[in-house]
Amino acid sequence: MPPPPDSLVAALARAVTGRLGHALGPRLERRLDALLAEASDLVWTLDARGRITYASPAAGRLAGLDPAVMRGLPLASLLPAEHRQTFEQLLRHVVGGDAGDRWTCQVPSARGETFEFEFVIRDARHDAAVRGLVVTGRDVTERNVVAARLRFEALHDPLTGLPNRALLVERVNAALIAADGRRRQSFAVAYLDLDGFKAVNDVLGHSAGDTLLKLVADRIIQTLRIPEPGRPTGPIRGPRRGPPADTLARVGGDEFVALLHHVDHPAGALRAAERVQAALSDPFEIGGRDVHVAASVGVSIGPGAYTAADDMVRDADIAMYRAKRSGDGRVRLFDQPMHEAMAARLRLENDLRAAIERDQFTLHFQPIFPAGRRGVQGFEALVRWQHPERGLLTPDEFLASAEDTRLILPLGRWILREACRQLRRWLDAVPSLPANVLSVNLSALEILQPDAIASLQQVLADTGVPPRLLRLELTESLAVRDPDVAIAFCRAVRALGMSVGVDDFGAGHCSLSHLRRLGVDYVKVDRTLLDEAVQDAAARGILRATAMVAEALDLDVVFQGIERREHLVMVAGFPRSFLQGYLLSRPVPEVDTWRWLRTPPAGEEVQHGHR
Ligand code: C2E
Ligand code: MG
């Protein structure tokens, strides 16, 4: 760290003379000059009225004057006219006892260049070595250039050179402020996501993907009011100088956001967004190939009730998501129903968070029966939310939201712990509990956590439950989407002594041979397969084949959703099968589980459906 400028001068002065100022003799002044000769900082000492008593060689070089000639001149007279007043004011403050502020001004050199200097004035009149005011000026031209470059980099996307999200948000906020009180002057935020970009990246490689993004940016810019570089644009508040320039930002891999000024609400905004979309309809030529992309676009319109740019961008994003999901390629406007759906979702999210803290969840248990034999094989734990206002909620009312918000992770931990506590209670009363007596569902997100197995072990250790009592159900979709994770998980779970099965088999694309690779103990057939089998002979064949292959693979089969006698008829006589469904029993609270646990163990042939 260089010493602060005033002490530098004072120290030099002391070193050279022991005294600086009016009495500085020519010989000593030369020595000070020699010491400061190479310094790029400008140094002056002034008397209390601002007249120069000493000027350093660099100060002389900048002004193109001999430092000796400068002596006696008011320093203000050497500054550009527009800065004189500021300087004199600062000087008065310092003389009046204030600490000197930093002050930046542009100074033309004698050779016609312009430099940016940061000046500091210090009062060193009390210092016997100086007895005056010390003004130092540091050339910050370079520093400012670097700062400007850093600011540019912080606010722009390196690939396309477009503004990034931070700059977009800055500009949308500026538009909101400018529109304040002028609600009729609308502007729009259009959120655009390319459809099919990933395929380009995967098939043609990343550099083709990069090229495509740049070409897309160029095409979109053509449809916006963005002037050529160098052409001035109207300020946002300029009523008569035309609308301000639109902004196109790249905010993610294949996501762009345009800020469109002065649009008619809502038709004009939609037209502008459609123009953007249409611009991408012609193919792009990349590496001699025609590449087609489309874009889903969502639009939000300001100012409306918006007060924050983030909200406007988020709403355009939600509308874009709707456009994408509808798959019809239309531009979507963020509207009231979307707003309400989002508000409801936010409420649910907040409620969920609070519910986890307030312990509002409970487990219900649906018995699973071995086909053709008495007693229960076990239960499936199914989570319920005792909502303070809405009553008992089933998972279809909150689970998707818990997964989207990752709240399923704390909720899942609670479920597993509660399931083990339940096992503990049963075990204390019924020491001869059958193996695999309780099945617990796990969401894909839980299994994808790197510590999934470790936290399972922790729960087992904490509750002292023998692992053989527990079964875990994975979703079929995880088994298909992330087979490696699923295989590793199944292996680890079985090594710990638990059993594991695939849920909702037949709803997706999981094959029986895939199950074998997974290494699971049982498979739960999806309810829709049973319904189809009732209707259709071919589906009945599939159901039967599933049961046979499962047996050949040494897997148990659980038929769930046994709702009607026809379902029961469909599965009658299948080997190694188990039954679960409303016809046999709905999920029940803990108190109702005891009667099954205390019935004699399975063994006898029975007719199901008479419970
Ligand atoms: P699932 O794992 O397939 O669970 C079976 C669902 O089918 C349960 O719904 C059950 O009440 C219902 N069900 C049982 N028998 C019948 C029947 O005969 N007819 C009909 N129509 N439905 C029947 P529930 O409790 O609403 O759970 C729905 C889904 O939510 C579960 O499907 C499971 O995927 C998930 N889920 C439930 N509890 C948990 C949990 O603790 N953790 C996780 N991760 N997911 C859970
Ligand atoms: Mg299940």
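Just so you know, these numbers come straight off a predicted model, no measurement behind them. Whatever order the structure lists them in is the order used to number ligands and atoms, beginning at 1. Side-chain atoms are counted along with the backbone in the values below, which use heavy atoms only and exclude waters and symmetry mates.
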Would you say the Mg ion (ligand 2) has N441 as a near neighbour, meaning an N/O/S atom of that residue under 2.8 Å away?
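Yes - counting backbone and side chain alike, N441 has an N, O or S atom under 2.8 Å.
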Suppose we measure from [atom] to each protein heavy atom; which comes out shortest, and what is that distance?
atom	answer
atom 32 (O) of ligand 1	D503 OD2, 4.7 Å
atom 11 (O) of ligand 1	P587 CG, 3.4 Å
atom 21 (N) of ligand 1	E563 OE2, 2.7 Å
atom 26 (O) of ligand 1	P395 CD, 3.3 Å
atom 41 (O) of ligand 1	I415 CD1, 3.2 Å
atom 15 (N) of ligand 1	Q366 NE2, 3.0 Å
atom 42 (N) of ligand 1	N441 O, 3.3 Å
atom 6 (C) of ligand 1	L382 CD2, 4.7 Å

Say whether [X], considering both its backbone and side-chain N or O atoms, lies within less than 3.5 Å of an N or O atom on ligand 1.
X	result
D396	no
Y582	yes
D504	yes
V383	yes

N/O/S atom name from [X] that is nearest to the position of the Mg ion (ligand 2):
X	result
E473	OE1
E380	OE2
D503	OD2

Assess the side chains of [X] and [Y]: does a donor N or O sit below 3.5 Å from an acceptor N or O?
X	Y	answer
D210	S207	no
N436	S499	yes
E380	N441	yes
Y191	D315	no
Q458	D462	yes
T593	W426	yes
D504	Q560	yes

Would you call R165 and V313 a side-chain contact if the rule is heavy atoms closer than 4.5 Å?
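Touching, per the 4.5 Å side-chain cut-off.
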Within the protein, is there a heavy atom lying under 4.0 Å from atom 9 (O) of ligand 1?
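So atom 9 (O) of ligand 1 lacks protein heavy-atom neighbours under 4.0 Å.
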Could you tell me whether atom 17 (C) of ligand 1 has at least one protein heavy atom nearer than 4.0 Å?
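When distances to the protein are checked, atom 17 (C) of ligand 1 has a heavy atom within 4.0 Å.
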Is Q360 reaching over with its side chain to a backbone N or O of I356, donor-acceptor style, under 3.5 angstrom?
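Side chain of Q360 to backbone of I356: no pair is present.
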N/O donor-acceptor pair under 3.5 Å between E446 side chain and S443 backbone:
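Such a contact is found between E446 side chain and S443 backbone.
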Under 6.0 Å from the six-membered ring centre of F361 and within 45° of its axis: does the NZ or CZ of R384 meet both?
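Geometry flag: not set, cation outside 6.0 Å or 45°.
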Looking at ligand 1, would E380 count as a contact under a 4.0 Å heavy-atom criterion?
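True for this residue.
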Check for me whether Q560 has a heavy atom closer than 4.0 Å to any atom of ligand 1.
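Within the 4.0 Å threshold, so yes.
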